[in-house]
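These numbers come from a predicted model, not from an experiment. Chain identifiers are assigned alphabetically (A, B, ...) following the order of the sequence lines, protein sequences preceding nucleic acid strands; residue numbering begins at 1 within each chain.
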Amino acid sequence: MSVRVRFAPSNTGFLHMGNTRTALFNYLFARNQGGTFVLRIEDTDQARSEERFADAIVEALEWLGMSPDEGPYRQMDRADRYVETVAELLEKGAAYKCFCTPEELEAMREKAAAEGRKPKYDGTWRDRTDHPEGEPYVVRIKMPQEGSITVDDLVQGSVTVDVEELDDFIIQRSDGTPTYNFVVVVDDVDMEITHVIRGADHLNNTFRQVPVYEALGATTPAFAHLPLIDGLSKRKGSASVQDYRDAGFLPEAVMNYLSRLGWSHGDQEIFSPQELCDLFGFDSVGRSPSSFDEDKFRWVNTEWMKRLEPAELATRWVPFLKNAGFEVEVDETLVAIVELMRERAATLVELTEESRYFFTDEFEYDEKAVKKWIKEGGRPVVEELIQRLEKLDTWDADSVGGVYKSLGKDREVGMAKMAQPTRISLTGSTSSPSVFDLVATFSKDEALRRLRRGLADLF
RNA sequence: GUCCCGUUCGUCUAGUCAGGUCCAGGACACCGGCCUUUCACGCCGGCGACACGGGUUCGAAUCCCGUACGGGACGCCA
């Protein structure tokens, strides 16, 4: 039987990094096994579900290159199926109507808490047949009453819970809508899911769900409960995929970094999406929680900034430049700028900031730099530099470099005395790539224009 | 409170399933140096961990038990 997995987020918010990791592991397992990756939106929370979040989730997965093979399925579309299934279970005697009020249940929980017991429904209506007419009721599933339930989890190993810990939970609310622990099973059965891969916060739910599979006459799928990621609070990682995209992170880096939260392959740190698909397996997934480290994520991103083809990176960079007010297209010059600048930036946003001076000559001269490097006595050298550059026929880094070197030799001046004023004139500060590359990346006209302007402004 | 899970450098982790090759390896971050026309990159080096206590064993990061700490679950949320 071929592998079918599903990612089943609720559309009550954007796709944050924790959920993204879950989606990723589902995706990777599906790809590794030649299986099918299904997306199912759990939109039964009438109060909090929003359509825009469903759209955002699909969009985020698409950006990551992890679009589902099937779906998105919507639970709301399947309402009839749930009602029908509940009726069947009622008919079979696998479930029953419970007429307890929320208040009575609350009292039950309080009493249990006061006595130090686990709060659970006491089964009052499990065997009663004296159903009051016209009163609201919920439907509960009958849990086994003795023994234990064992789940052989692909990540957590064999985990056993005594059925004493479980109670007859509600599968249909008094308003007729089904609850999560029920629909998730019905859906997974109907969609023929073979492997349920989700966060470890669902491990306990699994023990409730197993009897539902049995009541439905279905076999249970394999389970893989992934350790949770700590500290996904506002600043760290609860930011959405779109937030990171807008901050200039690359999808390859998101996949790479997230994969390493819980999974590893020896000492290797950098994995392409394809490698991830090839190497992923639950044998290498740990059981302990990890925490999201923005610093390391940034480092992984810098690695991907360096690994992509320059032209490809340039293409992805364009929207950021546009956002900064620079309307440019991918051309030779832009690609050259990418090659020159990319290892100096961790994100596309930083790349934009670091590269501003290539797109505008409106910048302030850095005061300290000017003070240190612009001296009255240095003027003649810069003047001669400009003269010699003007005569240059071939405008590339080698030729430009030749001019600096020969001038330095002829006038017995160190490189810094020519390079630093050049940097300040062209970029406003002394922080830049090699001057030869810098000068050559500008057009000859623009480089000379800025040098002359600098001569006038600075000396 | 009850049940479930976890615990190797600050962080992600290798090693744990098949105990010795681990006075514990890699990566991020941090610190120092080198390279050098600045900054960055790169390179080299440093700092830094087997939660604690018992047990098994010739030998334990690795196996067993307990304790502590952390997380999760206990909803007519998903």
Would you indicate what [X] reaches in the nucleic acid, counting non-hydrogen atoms under 4.0 angstrom: base, sugar-phosphate, or nothing?
X: A:Phe169; result: nothing
X: A:Pro289; result: sugar-phosphate
X: A:Gly262; result: sugar-phosphate
X: A:Thr12; result: nothing
X: A:Gln156; result: sugar-phosphate
X: A:Lys417; result: nothing
X: A:Arg298; result: nothing

Below 3.5 Å, does any donor atom in the side chain of [X] face an acceptor in the base of [N], or the other way round?
X: A:Asp230; N: B:G71; value: no
X: A:Glu269; N: B:G26; value: yes
X: A:Ser291; N: B:U11; value: no
X: A:Arg423; N: B:U37; value: yes
X: A:Ser174; N: B:C76; value: yes

Nucleotide opposite [N] in a Watson-Crick or G-U pair, distances under 3.5 Å:
N: B:C31; answer: B:G45
N: B:G1; answer: B:C74
N: B:U57; answer: none

So does [X] get a side-chain nitrogen or oxygen closer than 4.0 Å to the phosphate oxygens (OP1/OP2) of [N]?
X: A:Ser290; N: B:U13; answer: yes
X: A:Arg287; N: B:G6; answer: yes
X: A:Lys306; N: B:G42; answer: yes
X: A:Thr44; N: B:A78; answer: yes
X: A:Thr179; N: B:C76; answer: no
X: A:Arg208; N: B:C74; answer: no

### Query
Which nucleotide, B:C74, B:C4, B:A27, lies nearest any side-chain atom of A:Asn205?
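Of the candidates, B:C74 comes closest.
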### Query
Quick one: which of B:C4, B:G6, B:G1 gets closest to the side chain of A:Pro119?
B:G1
### Message
If we count only N and O atoms by modelled type, under 3.5 Å, do the side chains of A:Gln420 and A:Arg423 hold a donor and an acceptor together?
### Response
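Yes, side-chain donor-acceptor contact under 3.5 Å.
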### Query
Between A:Arg316 and A:Glu252, is a salt bridge (charged side-chain N to carboxylate O under 4.0 Å, His left out) present by the stated rule, with each step listed?
CA-CA 12 Å; A:Arg316 301 194 198 186; A:Glu252 287 86 350; 2.8 Å; yes
### Message
Could you check, using the six-membered ring where one of them is a Trp, whether A:Phe282 and A:Phe25 have ring centers closer than 6.0 angstrom?
### Response
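Not close enough - the centres of the two rings lie 6.0 Å or further apart.
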### Task
Scan A:Trp125, A:Tyr121, A:Tyr96 and name whichever one has a side chain to side chain donor-acceptor pair (under 3.5 Å) with A:Asp168.
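It is A:Tyr96, the one option of A:Trp125, A:Tyr121, A:Tyr96 that forms the side chain to side chain donor-acceptor pair (under 3.5 Å) with A:Asp168.
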